[in-house]
Amino acid sequence: MSSEVALQTLVNGVALGCYLGLMAMGLSLIFGILRVVNFTHGVMFTFGAYSVWYLTSRLEMGYALALAASAVAIGLLGVVLDLLIFRRFRGLVLEGAVAAILLSLVLVNVGNLFLPLTHQNVRSPFTTVLHIGSAGVSSHRLFVVICAFVIVAALMLFIAKTRTGRAIRALQQDPYAAQLQGIEVGRISPLVWAIGAGLAGLAGGIVAPLQQLTVGMGDAPLLNAFVVVILGGMGSIGGAFAAALLIGVAQAALTTLWSPPLAVAVSYLAAMLVLVVRPTGLFGHE
Amino acid sequence: MRRGLYRSWSSGWRRGLAAVFALSILLAACGSPADEPTAGVDTPDDNGEDTATDEPMATETLQYGLLAPFSGAAASWGGIIEASITYAMDAINEDGGVVVGDTRYEFELVTFDHGYDPTMALSVARDAIERQGLKYIENGGVGVVDAIQPLAEQHGALLICLCGGNEFLGEDHPLTFRNFYDVPLSLMAMLDYQEGAAPDSGRRVIGIYPDDDAGHTNSDRAISLAEERGWEMTIEFIPRAETDVAPAMTRVLAQNPDIIDVGPSPDRLYTELMIAAGEQGFEGTWVFPDALHFDTVLGVVPDDQLVGSLSAPCPNPRTEAAQEWHDYMLEAVGAVPAWAGQSHDSVRLLALAIEEAQSVDPEVVADALGEVVYEDGVTAGGGPISYGHEDQFGIPRAFNPPYPVCQVQEGSDGLEMVEVNAG
């Protein structure tokens, strides 16, 4: 591999890692704290992308404002789903997962009914191509990287430093003890859903300009996000992001050196190995 | 109370059913015997000469089952195929349907959603073929043919499909027809054009094909045909639903291609490939042997990647019939992917074949379907269309349209697709 290709591979890997990290953080948060394997996360990613498309192309809203509005809307959708459905499955991991699978099928078909038949695109405000040495990267891909780092930092600060964040952490570590301390699961749960779903919507909106929008656009990143969450450790925001970067660089290198299908297969194999050897993930705790 | 209600409803239902039976027996008794000449059909008189009557012909319905994704990731395809078929059927029915002997058949479309999922496909194929007894089936979606074809063959149904794999066609499968153009031949049309238009340009072609049946089926033949013409060609495979294609593009560009061929890739995939190629500085030519869906890439893919790109078959309407179909599709579903015309032409060819065979028996119709030509086809911009490829499959079972070539050029109002070769 020449140095130019190696540098491009590294740039690709970091960009892919940040994309996966954006996708995985909400998933990790919802599972780590509420023990819900959220299969609707991919649909929320899709709805986030379509919301940004609708707001920017139909209502001619600015991209940044559309991103924020979309994240809020999808966050609210998460709250509604929690209040209507997932609160009934609190503590029931398997039943919750089955409910999430069924709900994602319903939401996909709702999407099929109401979303446009033809593929849509979101125009990015960042259109130039930047060069890092010999490696080329679009300014929008750089925007994805910056967003990922900013969101991870903000989320980690929120969890570590705020009163609500500490309550969330307490709930994650020991729900029973947390409730004895007066932390209400019924109050924290919608908040976690709002943040988790909002992050999925935000991720969809952020990567939308790099893709064509389809109802199934969330499927492939969702599988990769599960790999990231398993590797990083359920509920660990920093761990999920570190694992995402690791997976991103590994997939980019394997794709460039061998083939894309091999890269995906190796990622799944790594996740299986981690589940067998260290079920808490590389960065997770007992 | 509930039991009482049920009993009341049940006895009423039984009385209704008995009345329907009695009525149907009465109607059957009053009807004309089967061996009497049917009204409205040319019948020989005592002198052996035809005497046409003015009475209407017997009309029957010929059901055509469309098994396509109306849900799931490929849900958009179903509506597009349905609209194209509906356009053809409405025109056939308005023109008097298909006349076989003394019966006039009107087409009726029956749709089934297989969600591009083999399990669902098998389930809806059972419904369509076993339970409803449909004899004419069209399948939209390469990945589910395996689930449908055996059932269709077992029940003697004629299957028109996007069957990418060559193993689906041939003398062992006489009732299966492929209504899809030939991707390697389409590629050759563009390479031939490029050779004439830019004889001094490089001859290294890298294909990026989807890592599935459609991609693998076409790859060997594409390489073989390209190498016969003196091109150096290799193909990389990529999952259709790749999360990020930038690393795959780095791999391709490291091989210094002069031409990138996206094979039978969906527009979502090649859009992302072109965006990634723009970032990484590709300066060669893109070729689209499954036709470029221009509207979906315009304004999304960098202009410098689009300009000079070649697409075959060129989807620009070239005939009045193709233009009318194009306008209808735009109004009905807001999109006209190049492949959508094939379903329209499949139905038109089937109608011709049934009239030619003077039978609705799929086995008899299949022989005629391999022979008929529909002059007002809309596939590939319009023109005569038929099933061919006897040299490949032993019997004519795959669409054989012309391959006109389009090029993306800068026009006065921005980028446009211009036909540069009639194919």
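Below, chains carry the letters A, B, ... as their sequence lines are ordered, and counting in each starts from 1.
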(message) Please classify the contact between B:Thr271 and chain A as side chain, backbone, both or neither, with a heavy-atom cut-off of under 4.5 Å.
(response) side chain
(request) Would you mind checking which part of B:Leu298 comes under 4.5 Å of any heavy atom in chain A, side chain (CB onward), backbone (N, CA, C, O), both or neither? (result) backbone
(message) Under a 4.0 Å threshold between the charged nitrogen and the carboxylate oxygen, would B:Asp244 count as salt-bridged to A:Arg141?
(response) yes
(request) Under 4.5 Å, counting heavy-atom pairs only, tell me which of B:Val245, B:Asp267, B:Asp211, B:Ile238 racks up the most with chain A. (result) B:Asp267
(message) Counting heavy-atom pairs closer than 4.5 Å to chain A, which one of B:Pro239, B:Gly281, B:Gly78, B:Gly278 comes out on top?
(response) B:Pro239
(message) Please report whether the ring centroid of A:Phe149 lies less than 6.0 Å from that of A:Phe241.
(response) yes
(request) Run the ring-centre check on B:Phe237 versus B:His216 and record whether the distance is less than 6.0 Å. (result) yes
(request) Please flag which part of A:Val264 lies under 4.5 Å from any non-hydrogen atom of chain B: side chain, backbone, both or neither. (result) side chain
(message) Can you tell me which portion of A:Leu213 sits under 4.5 Å from chain B's heavy atoms? Options are side chain, backbone, both or neither.
(response) neither
(request) Measure the spacing between OG of A:Ser104 and CZ of A:Phe39 and express it to the nearest 0.5 Å. (result) 8.0 Å
(request) Kindly indicate, with the supporting measurements, whether the criterion side-chain contact (heavy atoms from CB on, under 4.5 Å) is fulfilled by B:Tyr87 and B:Met329. (result) CA-CA 9 Å; B:Tyr87 181 78; B:Met329 290 296 288; 5.7 Å; no
